Amino acid sequence: MIPIRKVFTPEQVQQIRLHLDEADWQGGEITAGQQARRVKHNQQLPQDGTLTQQIGDLILDALARHPVFISAALPQKIFPPMFNRYSVGETYGSHVDNAIRVIPGTTIRLRTDLSATLFLSDPDEYEGGDLQIEDHFGSQCVKLAAGDMILYPSTSLHQVMPVTAGRRVSAVFWLQSMVRSNEQREMLFGLDQSIQSLTSLHGHEHQDVTRLSGVYQNLIRQWADA
Ligand SMILES: O=C(O)CCC(=O)C(=O)O
Ligand SMILES: [Fe+2]
């Protein structure tokens with residue numbers, strides 16, 4: 001589970017929210033799988049709407065320039081972001097996301113390796129509404145600043161706790177990674193982070209930096225599908 005900080009600045013979030021808060025929201029059941037539909041009680045924007053596509057593109061552009069996202073996700077195919085809203089009493093009960101999704105309007109299919117929630121409401125705008133994710137160590141509650149995103153394995157059981165005051169707005173999407181295995185991807189991320197910090201200490205030319213960068217590239221060669 002990896003936080004991706006500052007995908008958007010507070011000013012950018014504010015601009016995006018101006019548009020989202022005026023949009024026409026619809027019932028969220030439409031896009032859920034059979035099990036998820038029973039527990040999904042929220043609102044979302046139409047997937048083929050102009051606003052969905054425009055803000056979705058802003059998100060994907062920002063992420064393409066975010067080194068931590070690229071290193072953590074090693075994305076191969078990304079599902080266009082969807083927008084969720086939870087008012088008081090709304091919740092998305094415990095579920096695992098569908099394994100395969102078809103990109104709307106295309107025949108492109110992707111396997112969901114990673115799920116992402118980009119928070120578009122500040123924590124002080126609502127009560128409840130934590131994203132609770134189960135992992136090997138138990139369950140963790142996530143509620144990040146507006147503009148921050150959490151990336152977590154799509155294999156995890158997760159839920160959005162009921163909102164008890166205010167409103168929670170988020171963007172969610174899924175991606176297929178070049179590296180299917182969570183364990184391998186996490187090791188690559190750890191290695192890359194260490195190479196980055198060694199580089200800033202010793203410079204690109206340092207022998208160990210060169211050697212470790214080679215190991216990183218060769219592991220990608222072993223494990224990644226381009
Ligand atoms: O709104 C969220 O943060 C997560 C929603 C979710 O789990 C989903 O759409 O599958
Ligand atoms: Fe989900």
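Just so you know, ligand 1 is whichever comes first in the structure, and atom 1 is the first atom listed for that ligand. Given the structure is predicted, the values throughout are model-derived calculations rather than measurements. All residue numbers in this chain count up from 1 along the given sequence.
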Pick out which of R185, E186, Q184, R180 makes a side-chain hydrogen bond (donor to acceptor under 3.5 Å, both in side chains) with N182.
-> R185
Flag side-chain contact, heavy atom, 4.5 Å: E205 against T210 = no
Contact residues of ligand 1 (heavy atom under 4.0 Å), by chain and number | N84, Y86, Y92, H95, D97, T117, H158, V160, R168, S170, V172, W174
Name all residues meeting the ring pair (Phe, Tyr, Trp, His ring centres under 6.0 Å) criterion together with F189; count only those two or more places apart in sequence or in a different chain, and write none if there are none.
-> none
Not counting sequence neighbours, which residues clear ring pair (Phe, Tyr, Trp, His ring centres under 6.0 Å) with Y126? List them please.
-> none
Kindly assign one of parallel, tilted or perpendicular to the pair H206 and H202, based on the angle between their ring planes and the thresholds 30° and 60°.
-> tilted
Find the distance between CG (D97) and CG (D113) and round it off to the nearest 0.5 Å.
-> 12.0 Å
Distance col, row R85:CZ vs E90:CD, nearest 0.5 angstrom, shows 8.5 Å
Distance-minimising heavy-atom pair for S87 and V163 = O-CB, 3.7 Å
Is the closest basic N to carboxylate O distance between E125 and R17 below 4.0 Å?
-> yes
Could you give me a count of protein N/O/S atoms that are under 2.8 Å from the Fe ion (ligand 2)?
-> 3
